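Input: a single structure, listed below in structure tokens.
Here the structure is a predicted model, which is why all the values come from computation and not from measurement.
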Amino acid sequence: MHVYWFAGGRFGLGDAPEVVPEATTTSDRIQGAVITGMFAVGIVLPLALTRPWGRRIPRWAALFCLWTGAALVAVRGGAGLLDTALRGTGLARNGLTGLTYEQITGDAHPSAYTIWSGVCVDAYFVLGGILYGLTARWLGRRARPGRPVTAE
């Protein structure tokens, strides 16, 4: 989805004018490059776990990437859901971030479509974190060469 959004796609972003921030500083560009690298690993690693060529990836490296990915995307999605819940309930007008809707979306009063699009994207991140965690758990429990498989 990030590649789609980077290419100008709008599905899932709502109808607010500024939901995709501009990369205007060197720091923004470095952050974007790091995130792009993480996306690449996040796409290739699950595929590698199902392919013979993926057996060349050391188990420790795959587990590190899976657990790190699980934590990052679950926390990102959970924080987004909490941020929206705090704003929606009025408990914190500016959510967790301290930013107004206008600072985030470019619209002081975003539509329900924009808000719910954000909720869906955040929930998708949480789901990704859960799936990465389950995959890491599965990989960690797989029998290592020379060890018998035990029934649970």
Side-chain angles (χ1 to χ4, degrees), residues 1-51 54 56-142 152:
M1 291 301 291
H2 286 85
V3 172
Y4 165 76
W5 291 329
F6 181 75
R10 300 274 311 163
F11 178 75
L13 296 178
D15 56 8
E18 296 178 27
V19 291
V20 179
E22 294 282 330
T24 57
T25 66
T26 301
S27 176
D28 291 343
R29 290 183 190 98
I30 291 170
Q31 179 184 7
V34 169
I35 291 171
T36 299
M38 291 167 53
F39 294 148
V41 170
I43 291 169
V44 172
L45 184 60
L47 178 63
L49 295 174
T50 66
R51 298 292 182 216
R56 289 183 252 158
I57 299 172
R59 178 190 301 265
W60 67 266
L63 284 169
F64 175 80
C65 289
L66 286 168
W67 282 121
T68 301
L72 288 173
V73 298
V75 168
R76 185 264 182 241
L81 291 172
L82 180 59
D83 186 66
T84 302
L86 290 172
R87 290 171 197 281
T89 60
L91 293 174
R93 188 175 71 89
N94 294 338
L96 287 176
T97 62
L99 301 173
T100 65
Y101 272 131
E102 187 167 15
Q103 290 170 307
I104 295 170
T105 66
D107 187 349
H109 304 286
S111 68
Y113 171 57
T114 297
I115 293 169
W116 281 104
S117 292
V119 167
C120 289
V121 168
D122 293 336
Y124 189 68
F125 270 92
V126 171
L127 175 63
I130 291 167
L131 292 175
Y132 266 79
L134 290 172
T135 303
R137 186 171 174 222
W138 167 80
L139 181 62
R141 290 185 171 192
R142 265 185 37 207
E152 291 186 20

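In this structure, Tyr113 places its OH atom where more than 12 heavy-atom neighbours from other residues, nucleotides or ligands lie under 6.0 Å away. At most 12 heavy atoms of other shown residues, nucleotides or ligands fall within 6.0 angstrom of atom CH2 in Trp116.
Of all heavy-atom pairs between Ala136 and Leu63, the closest is O-CD2, 3.3 Å. Heavy-atom minimum distance, Tyr101 versus Ala108: CB-O, 4.0 Å. A pairwise comparison of heavy atoms in Leu139 and Ala62 identifies CD2-CB, 3.6 Å as the closest pair. Looking at every heavy atom in both residues, Ala70 comes nearest to Gly133 through CB-N, 3.5 Å.
Interatomic distance, Asp122 CG to Ser117 OG, rounded to the nearest 0.5 Å: 10.5 Å.
When atom types are taken as modelled, the side chain of Arg76 and the backbone of Phe125 share no donor-acceptor pair closer than 3.5 angstrom. Panel note: side chain Thr68, backbone Cys65; no donor-acceptor pair is recorded below 3.5 Å.
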Name each donor-acceptor pair under 3.5 Å that joins a side chain in residues 77-90 to protein atoms two or more places apart or in another chain, with its distance.
{"residue": "Asp83", "atom": "OD1", "partner": "Leu96", "partner atom": "N", "Å": "2.5"}
{"residue": "Asp83", "atom": "OD1", "partner": "Thr97", "partner atom": "N", "Å": "3.4"}
{"residue": "Asp83", "atom": "OD2", "partner": "Arg87", "partner atom": "NE", "Å": "3.0"}
{"residue": "Asp83", "atom": "OD2", "partner": "Arg87", "partner atom": "NH2", "Å": "3.3"}
{"residue": "Thr84", "atom": "OG1", "partner": "Gly80", "partner atom": "O", "Å": "3.1"}
{"residue": "Arg87", "atom": "NH1", "partner": "Leu99", "partner atom": "O", "Å": "2.7"}
{"residue": "Arg87", "atom": "NH2", "partner": "Asn94", "partner atom": "O", "Å": "3.2"}
{"residue": "Arg87", "atom": "NH2", "partner": "Thr97", "partner atom": "OG1", "Å": "3.1"}
{"residue": "Arg87", "atom": "NH2", "partner": "Leu99", "partner atom": "O", "Å": "2.8"}
{"residue": "Thr89", "atom": "OG1", "partner": "Ala85", "partner atom": "O", "Å": "2.8"}
{"residue": "Thr89", "atom": "OG1", "partner": "Leu86", "partner atom": "O", "Å": "3.4"}
{"residue": "Thr89", "atom": "OG1", "partner": "Leu91", "partner atom": "N", "Å": "3.4"}

Trace of the side-chain contact (heavy atoms from CB on, under 4.5 Å) decision for Leu45 with Ile57
CA-CA 9 Å; Leu45 184 60; Ile57 299 172; 4.2 Å; yes

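Side chains of Thr114 and Ser111: a donor-acceptor N/O pair is present below 3.5 angstrom, by distance only.
The shortest distance between side-chain heavy atoms of Leu49 and Leu66 falls below 4.5 Å.
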